[in-house]
There are 2 protein chains.
Amino acid sequence: MELTIENFKETLVDYNIRPTYQRIKILEYLEGNKTHPTVDEIYHHLYPQIPTLSKTTVYNTLRSFADADLVLELHVDNSEVRFDINTELHGHFLCKDCGTVYDFEINTEKINDDQLFIGLDDFSIMSKNIFFTGICKKCKNQ
Amino acid sequence: MELTIENFKETLVDYNIRPTYQRIKILEYLEGNKTHPTVDEIYHHLYPQIPTLSKTTVYNTLRSFADADLVLELHVDNSEVRFDINTELHGHFLCKDCGTVYDFEINTEKINDDQLFIGLDDFSIMSKNIFFTGICKKCKNQ
DNA sequence: GTTCCTGCAAAAGCTTTGCAGAAGA
DNA sequence: TCTTCTGCAAAGCTTTTGCAGGAAC
């Protein structure tokens, strides 16, 4: 299936978000660039196409996307928030050398083993964040 | 074993950190208050005892502790960094209701199962952060 | 004596807020 | 038409930086 403006519009409507031009373009950017971008990166990439765009709108949009569970907020360090259009359970790996944030897969059966995490009986878990740091394959081979 | 000023001094020397009065008191605070405090919390708790203390020193000290792997930096959201004197592998749980950050235990054998996290072959892992959010037992029972 | 640390003030950087004009339903 | 959104400017907060005096070794 090809992703068109109409598809992004529909997605926004499905999530009860009014499909303005700015929001459609931001969603399109996130779908096409799964690199966990920051507000600043999104703003600078879209600015050439939307010269009237403001950072406030990017902030507002991502807040509404996150509130609607259309994106995930990543707090990899406390500098800038990053956003992930993939809201399925998965892990993140930050390479301390090149700064890339990689996704990695989590075995759902094994992660739900109730002997893996101890002491959370009677706690309601809303989100699970698995975040590793280290040196990626690419940087190791250089 | 009783923890005295001398013990904290020794710990700092062991970690190659010059044991100044401020650093000793900050370490003492962290050992006695395992609540993942912020810079602001540490500063305000110590200020009555050390009226000349500055926040800059608290920042500097925690940076040097973190660089020496004497404390862990926690990024639970992007508001303020929190610090954990427990550097053993363990998880954190943030209660969305009361704001408490709980520690929880991780089964070391199961977490090291190489089928749990997929796609990290040839990546060097330096730190593993497991961070859950939800509602804690206490808040659920109110 | 030399090196490193402390603490003040100022600056920097990310994010939020207030609000008037514009766009969506 | 009515509600909601955009974008500008200003403010808010946490954190960093520069530097002079002070403490540690």
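Each chain gets a letter, A, B and so on, in the order the sequences are listed, and its residues count up from 1. Quick note: numbers below take in every heavy atom, side chains included, and nothing from hydrogens, waters or symmetry partners.
In this structure, D40(B) pairs ionically with K55(B), as a charged nitrogen and a carboxylate oxygen lie closer than 4.0 Å.
Whole-Å rounding puts the R82(B) CZ to dT14(D) P distance at 12 Å. Atoms OH (Y59(A)) and C1' (dA10(D)) sit 15 Å apart, rounded to a whole Å. Taking atom NE2 of residue H44(A) and atom P of nucleotide dC14(C), one finds them 11 Å apart after rounding to whole Å. As rounded to whole Å, 10 Å separates atom C1' of dA24(D) from atom NZ of K9(B). Going from atom CD of Q22(B) over to atom P of dC4(C) covers 18 Å, rounded to whole Å. Going from atom NE2 of H75(B) over to atom P of dT14(D) covers 16 Å, rounded to whole Å. Atom CD in E80(A) sits about 17 Å away from atom P in dA12(C), given to the nearest Å. As rounded to whole Å, 8 Å separates atom C1' of dA23(D) from atom CZ of R18(B).
Where Y21(B) and N78(B) each meet DNA chain C at their nearest nucleotide, the meeting point lying more 5' is that of Y21(B).
Residue T56(B) places its side chain closer to dT17(D) than to any other of dT6(D), dT17(D), dC5(C). Taking only side-chain atoms of T61(B), from C-beta outward, the nucleotide of dC14(C), dT6(C), dG7(D) with the closest atom is dT6(C). Comparing dC8(C), dG7(D), dC25(D) by their nearest atom to the side chain of S54(A) picks out dG7(D).
Not one side-chain nitrogen or oxygen of R63(B) sits closer than 4.0 Å to the OP1 or OP2 atom of dT15(D).
Taking only distance into account, the side chain of T20(B) never meets the base of dC4(C) through a donor-acceptor pair shorter than 3.5 Å.
You'll find the ring centres of F131(B) and F131(A) outside the 6.0 Å limit. Taking the six-membered ring for Trp and the full ring otherwise, H45(A) and Y29(A) have centroids separated by under 6.0 Å.
Among the atoms of the strands shown, only primed sugar atoms or phosphate atoms (P, OP1, OP2) are found under 4.0 Å from some heavy atom of S79(A). As judged by a 4.0 angstrom heavy-atom cut-off over every strand, T57(A) is placed among the base-contacting residues.
Considering only heavy atoms from C-beta on, T35(B) stays 4.5 Å or farther from V101(B) through its side chain. Looking at heavy atoms from C-beta onward, F132(A) lies in side-chain contact with L120(B) at the 4.5 angstrom threshold.
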